[in-house]
Protein chains: 2
Amino acid sequence: MEKPSRKERERKRRREYIIDAAEDVISKEGFDNATMDEIAQKAEVAKGTLYLHFKSKAMVYLAVCERGSSKLNAELAKVITENITGLKMIERLGHTYLKFVLAHPHYFQAFNYYEGLMNDQSTYSSELVTRCRENAQEAMRYIVRALQIGMQDQSIVDRYKPEELGAIIWGASKGIINMAFLNQKGVDHGPMKEAEFELESLIENFIQLISAALLKSK
Amino acid sequence: MEKPSRKERERKRRREYIIDAAEDVISKEGFDNATMDEIAQKAEVAKGTLYLHFKSKAMVYLAVCERGSSKLNAELAKVITENITGLKMIERLGHTYLKFVLAHPHYFQAFNYYEGLMNDQSTYSSELVTRCRENAQEAMRYIVRALQIGMQDQSIVDRYKPEELGAIIWGASKGIINMAFLNQKGVDHGPMKEAEFELESLIENFIQLISAALLKSK
DNA sequence: CTACTTTATGACTACGAGTCAATTTTTGAA
DNA sequence: TTCAAAAATTGACTCGTAGTCATAAAGTAG
């Protein structure tokens, strides 16, 4: 009989719709000011229904994080299939990431939310946390893959362990983009008031710097 | 007459004591779970008194951030006075930063809190926000200074603008340390489960990578 | 149609941030 | 030393929001 399956799909659809609503509210109100009541209203369900699908507000936010990181991974995956050198791939991954967070700033906030949660109470474990973590691991694996390709095709020095280098590049990219984001908010926020660096130029130079360090000079 | 000054000092002392209490509570309960009531109790004042010194919970947290960044800057400043090459200074700054956040994880969380605030509502402005921002700028300026020294003493290539490079190194360092922190929480958290990278080794390699990119090879 | 199960609802509770009228302490003039 | 005005302190209170749960509605099947 198809009924359990149909019901399951129905449930999934409703869940996705709630996440849509959450994204709307978050984008409009900001992460801190969004309320469960608002999200419920936007999703056209009662608050109680929200809690049938998500155990807590944090879980809703993590669902947004999961969706965002899945979307990001889909774009990163595309880069890996391109027929270019490993070094060029690293550059392309950086640009793809940058473009993604510029296009979807609320996902970037969701990523930060996830990390904040993990930092605060490691006592968090759930299906969603696991999936967010796995997505982050996957993103990093694309970088590692590009590094391996680059070491193979001789475009990248093989002095480093790709896994460790991948972690470094991933972390550093997030840090730089985070900082650059701060600078966009308000005229003179962020630590770089005096110099008017553009987010793009900053990332551009970072990629260049990494390339310089990775370049097989010979 | 000394009275207004004495009163002022008295007030300052009380304020510092409240920040002490906030740090205690934050360290024990975590940033999210800390409550104003707890902080008040720890500081041995009524909640109302807390609000005479700080306009909101956010301001208490920003005060912690400001104190932390001031302490960090004091340590970074010491490095700048050492009689070493600019390149070596960059390494030493990185290690100093790492040591600091390991010793005071709650300050690191406070830094992240500040950045989260700035990301969420740019509509925040106050004496404290300004000071936190200035402290962040100061930290970055130490890096820039080291880069300039390095370019002077020929230990660092002068291909890049020191200000921009400084921003990159500062942002990247924060990102890497943040990620490495995640990994410490719980056995298999963070995006680097499979490989057991140590925070230290990660930063070590990052510094090496930067050095490789900066090294004046000739 | 009916009895039973599943899903949805929103009034309600719990809790913590922030307020403020009342109280205590400090100050300084007489 | 006294006393009244000013300043500092208090904690009971309000208010908003996360999360709950008894009740109602919708769905299912015999």
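Just so we're on the same page: letters track the sequence lines, and every chain starts at 1.
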May I ask you to list the residues of residues 42-61 of chain B, by number, that have any heavy atom positioned under 4.0 Å from an atom of DNA chain D?
B/V45, B/A46, B/G48, B/T49, B/L52

Tell me what A/A40 touches on the nucleic acid: a base, only sugar-phosphate, or nothing, going by heavy atoms under 4.0 Å.
nothing

Not counting sequence neighbours, which residues clear side-chain contact (heavy atoms from CB on, under 4.5 Å) with B/A139? List them please.
B/N73, B/L76, B/W170

Which heavy atom in A/E163 sits nearest to a heavy atom in A/V144, and how many Å separate them?
CA-CG2, 3.9 Å

Salt-bridge present (B/R141, B/E138; N to O < 4.0 Å):
no

Rounded to whole angstroms, how far apart are CG on A/D32 and C1' on D/dG16?
15 Å

Across all chains, not counting sequence neighbours, the side-chain contact (heavy atoms from CB on, under 4.5 Å) partners of A/L98 are A/L102, A/I177, A/L199, A/E200, A/I203

Can you tell me how far C1' of C/dA17 sits from CD of B/E38, to the nearest Å?
14 Å

Atom pair distance, as rounded to whole Å: CD1 in B/I39 and P in C/dC15:
18 Å

Once you round it to whole Å, what is the distance between P of D/dA8 and CZ of B/R15?
15 Å

Does this structure show an ion pair linking A/R14 with A/E10, if we count only N-O contacts that are shorter than 4.0 Å?
no

At 10 degrees resolution, what angle do the end axes of the helix from C/dC1-D/dG30 to C/dA30-D/dT1 form when each is taken over five base pairs?
10°

Just grab all the ring pair (Phe, Tyr, Trp, His ring centres under 6.0 Å) pairs involving residues 126-146 of chain B, residues at least two apart or on different chains.
none

In Å and rounded to the nearest 0.5 Å, what is the CG to CG distance from A/N178 to B/N119?
5.5 Å

Looking at A/R11, I'd like to know whether one of its side-chain N or O atoms comes within less than 4.0 Å of OP1 or OP2 on C/dT7.
no

Give the rounded distance in Å between these two atoms: CE of B/M36 and C1' of C/dC15.
15 Å

Using 0.5 Å steps for rounding, measure from the NZ atom of A/K47 to the CG atom of A/L52.
13.5 Å

For A/K71, give me all partners under side-chain contact (heavy atoms from CB on, under 4.5 Å), at least two apart in sequence or on another chain.
A/R67, A/F100, A/Y107

d(CG, B/N33; C1', C/dA17) in whole Å:
15 Å

Check the distance between D/dA7's P and B/E10's CD and give it to me in whole angstrom.
17 Å

